[in-house]
Student: 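Below you will find the structure I want to go over with you.
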Amino acid sequence: MAGPVLRVFSYLPNPRVWKALIAAEYCGVEVATLGARPPELARWLWDFEARELSEDEMTETSPYARVGRRGFKTTLYKTDAFLAAHPFGTVPAAFDPEGKTGIFESNSILRAVARSGSGDHGLYGHDGYEASRIDSFLDAGLVFAREAQEYLLALPNPTSELYDRMADAYEFYLGGIDNALGNSAFIAGDQLTIADIGFVCDLGQFLRERKMLEKDPGSGLRPISERASEEYPRAYQHLLKLGALPEFEKHAASLTRDLT
Ligand SMILES: N[C@@H](CCC(=O)N[C@@H](CS)C(=O)NCC(=O)O)C(=O)O
C-alpha cells in the first residue's frame, strides 16, 4: 500500500474520524491519525505537525493561544498555519500528505477518502447525479449531527428548548432515512455508499444519549431515541446490520455494541 492519502488530527477516539477510517477500509487506502484523548488535546499544538506541548509552552501569552469555541472550554494552542488551513479551527482536521490543503467537516473528510484511490468501489456513486444524491443525505446528516452535538454537550441538563429542537431534528432525519430504506437496500440506492457510513457514525454517536441519561437520572428526561427500534425500524435495523460488518466493527464497534 502507498503512503496515507490523508493525515487527520483530532481527539481520539472520535466517531467523526471513524467515518474516514471505515471508508478507507472499503477503498483500500490508508488514513493516518494523530492526536490524543479529548481532554489531552488542550495540551497539544494544533498544526499539520501536531505535537504535545511542554509545560512552559502553554502560557496565555503564547502566540498560539486561542479560546476554545465548541466542546473545549479551555485555552487551545493553534498555529496560524493551522487556522489558514482550517478557518473554523475544528477537529477532525485533515490534510493532504504534504500538508498544503486543509479539509474540515467530517463528512468532507469522508468524501476525500472516497475520492482517493480507484473509485470503482462506488462508495461515492458512479456519476455526478449519484454523487449529488449521496451529498444530499450527507447534508441532511450534518444538520442532524450539529443539533446532536449541542444536545450531547448539554446533557444531562439540556434546556427544554434544546431538548425539543433535538427531538424535532431527530424525528425529521430518522423519518427521512426510514423512508429512503423503504425503497432501497442502502440509503442512497442499492449499494453501500458514504451516506451509509455517515449515518452509522452520526446516529451511533447520538444514541449515546441513552447511556448518558441512564448514568445521570436526575434530570428525569426520557431519551429521545428510547423507542427508535419501533418508530424507525428500517433505519434502526440498518444501523445494526452495518455496524456488524467487519469494516465498521474494526473502528466503530462501540457505537452499536449494546443496541440489540
Ligand atoms: N461538524 C463538524 C464538527 C467539528 C467540531 O465542532 N469539532 C469541535 C470538537 S467536537 C472542535 O474542534 N472544537 C474546537 C474549539 O472548541 O475551538 C465535523 O463533523 O467535523
Side-chain angles (χ1 to χ4, degrees), residues 6-24 31 33-48 50 53 58 60 62-96 101-115 134-155 158 162 165-166 169-170 173 194-209 212 251-252 254-255:
L6 285 181
R7 180 188 295 187
V8 181
F9 170 64
S10 180
Y11 61 84
L12 300 170
N14 180 352
R16 294 189 179 94
V17 175
W18 297 343
K19 294 177 185 177
L21 297 180
I22 295 165
V31 168
T33 56
L34 183 63
R37 299 194 74 80
E40 289 162 34
L41 221 61
R43 306 176 65 82
W44 276 60
L45 184 65
W46 293 31
D47 190 58
F48 175 61
L53 292 163
M58 290 188 295
E60 288 302 321
S62 159
Y64 308 131
R66 326 275 175 178
V67 179
R69 298 188 53 191
R70 276 190 185 173
F72 286 92
K73 293 204 173 79
T74 53
T75 300
L76 296 171
Y77 298 90
K78 306 178 185 177
T79 63
D80 291 344
F82 179 85
L83 289 172
H86 295 278
F88 300 99
T90 52
V91 290
F95 295 88
D96 73 283
T101 306
I103 303 158
F104 42 89
E105 284 298 332
S106 55
N107 286 350
S108 286
I109 300 170
L110 171 62
R111 289 179 180 99
V113 176
R115 286 189 182 108
I134 291 163
D135 282 340
S136 310
F137 284 107
L138 290 174
D139 286 358
L142 175 58
V143 174
F144 166 72
R146 170 64 186 136
E147 208 67 57
Q149 180 185 34
E150 290 279 294
Y151 169 72
L152 292 173
L153 285 170
L155 284 181
L162 193 52
R165 281 183 56 133
M166 185 67 247
Y170 166 80
Y173 179 62
I194 53 176
D196 299 284
I197 297 176
F199 161 76
V200 169
C201 294
D202 288 333
L203 179 61
Q205 184 166 23
F206 172 70
L207 294 184
R208 289 176 169 173
E209 63 145 5
M212 291 165 86
H251 300 287
S254 63
L255 290 181

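Every number for a ligand or one of its atoms is a count from 1 in the order of the listing.
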Student: For ligand 1, does N107 get within less than 4.0 Å through its side chain, its backbone, both, or neither, judged by non-hydrogen atoms?
Tutor: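 The answer is neither; N107 stays 4.0 Å or more away.
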Student: Tell me, which protein residue and heavy-atom name are nearest atom 6 (O) of ligand 1, and how many Å apart are they?
Tutor: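 Result for atom 6 (O) of ligand 1: Q149 NE2, 2.8 Å.
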Student: Check whether any heavy atom of K78 sits under 4.0 Å from an atom of ligand 1.
Tutor: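 Yes; K78 lies near enough to ligand 1 that a heavy-atom distance drops under 4.0 Å.
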Student: Would you say N14 touches ligand 1, if touching means a heavy atom closer than 4.0 Å?
Tutor: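 Outside the 4.0 Å threshold, so no.
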Student: Once rounded to the nearest 0.5 Å, what's the spacing between atom OG of S10 and atom CH2 of W46?
Tutor: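 Between atom OG of S10 and atom CH2 of W46 there are 8.0 Å.
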Student: Is the closest heavy atom of R66 to ligand 1 under 4.0 Å?
Tutor: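 It does not; every heavy atom stays at 4.0 Å or beyond.
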Student: Does atom OH of Y64 have more than 12 heavy-atom neighbours, drawn from other residues, nucleotides or ligands, at distances under 6.0 Å?
Tutor: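 It does not: Y64 OH has 12 such atoms or fewer within range.
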Student: Are I134 and R111 side-chain neighbours, meaning at least one heavy-atom pair lies under 4.5 Å?
Tutor: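 No, side chains not in contact.
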Student: Applying side chain to side chain donor-acceptor pair (under 3.5 Å), which residue pairs with at least one partner in residues 75-96 are found, sequence neighbours left out?
Tutor: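 For residues 75-96, and leaving out neighbouring residues, the side chain to side chain donor-acceptor pair (under 3.5 Å) pairs sorted by first residue read D47-T79, E60-T75, R66-D80.
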Student: Check whether R7 reaches the backbone of F48 with its side chain - one donor and one acceptor, N or O, closer than 3.5 Å.
Tutor: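 Side chain of R7 to backbone of F48: a pair is present.
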Student: What protein heavy atom is closest to atom 2 (C) of ligand 1, reported as residue, atom name and distance in Å?
Tutor: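 Residue, atom and distance for the closest contact: E105 OE1, 3.2 Å.
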Student: What protein heavy atom is closest to atom 4 (C) of ligand 1, reported as residue, atom name and distance in Å?
Tutor: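 That would be V91 O, 3.4 Å.
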Student: At what distance, to the nearest 0.5 angstrom, does CG of D196 lie from NZ of K19?
Tutor: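 Answer for the CG-NZ pair, D196 versus K19, is 13.0 Å.
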Student: So for atom CZ, which belongs to R146, do other residues, nucleotides or ligands contribute more than 12 heavy atoms lying within a distance under 6.0 Å?
Tutor: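 For R146, atom CZ is crowded (more than 12 foreign heavy atoms under 6.0 Å).
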Student: Which of the atoms in ligand 1, numbered in the order shown and given with their element, are less than 4.0 Å from a heavy-atom of L142?
Tutor: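 Near L142, meaning under 4.0 Å from one of its heavy atoms, ligand 1 has 1 (N).
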Student: What do we get for I109 next to ligand 1 when only non-hydrogen atoms under 4.0 Å count, side chain, backbone, both or neither?
Tutor: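 Under 4.0 Å from ligand 1, I109 contributes no heavy atoms.
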Student: Does some side-chain heavy atom of P92 sit less than 4.5 Å from a side-chain heavy atom of E105?
Tutor: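 Of all side-chain heavy-atom pairs linking P92 with E105, none is under 4.5 Å.
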Student: Any heavy atom of Y11 closer to ligand 1 than 4.0 angstrom?
Tutor: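 Per 4.0 Å heavy-atom rule, Y11 contacts ligand 1.
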Student: By number and element, which atoms of ligand 1 are closer than 4.0 Å to a non-hydrogen atom of P92?
Tutor: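 So the atoms of ligand 1 that pass are 20 (O).
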Student: Suppose we measure from atom 20 (O) of ligand 1 to each protein heavy atom; which comes out shortest, and what is that distance?
Tutor: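 For atom 20 (O) of ligand 1, the nearest protein heavy atom comes out as S106 N, 2.9 Å.
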Student: Less than 4.5 Å apart, any side-chain heavy atom of L255 and any of R208?
Tutor: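 Contact flag for L255/R208 side chains = yes.
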Student: Under 3.5 Å, N or O to N or O, is W46 touching ligand 1 that way?
Tutor: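 No; every N/O pair is 3.5 Å or more apart.
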Student: Considering the heavy atoms of G89, write down every atom of ligand 1 situated less than 4.0 Å from one of them.
Tutor: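 Ligand 1 atoms under the 4.0 Å threshold to G89: 14 (C).
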Student: Can you tell which part of K19 has a heavy atom less than 4.0 Å from ligand 1: side chain, backbone, both or neither?
Tutor: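 Looking at K19 and ligand 1, no heavy atom falls under 4.0 Å.
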Student: Which atoms of ligand 1 have any heavy atom of R70 under 4.0 Å away?
Tutor: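 Answer, ordered by atom number: 6 (O), 8 (C), 9 (C), 11 (C), 13 (N), 14 (C), 15 (C), 16 (O).
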Student: With heavy atoms under 4.0 Å as the rule, classify the contact between R16 and ligand 1 as side chain, backbone, both or neither.
Tutor: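 Side chain only.
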Student: With F206 as reference, evaluate F199, Y173, F144 under the ring-ring contact (aromatic ring centres under 6.0 Å, His included) test and give the passing residue.
Tutor: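 Passing option: F144.
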Student: Of all the non-hydrogen atoms in the protein, which one sits nearest to atom 15 (C) of ligand 1, and at what distance?
Tutor: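 Here the nearest protein heavy atom works out to R69 N, 3.3 Å.
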Student: Among all residues two or more places apart in sequence or in another chain, which pass the side chain to side chain contact (heavy atoms under 4.5 Å, CB included) test with V200?
Tutor: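 In terms of side chain to side chain contact (heavy atoms under 4.5 Å, CB included), with neighbours along the sequence ignored, V200 is linked to L239, L242, F248.
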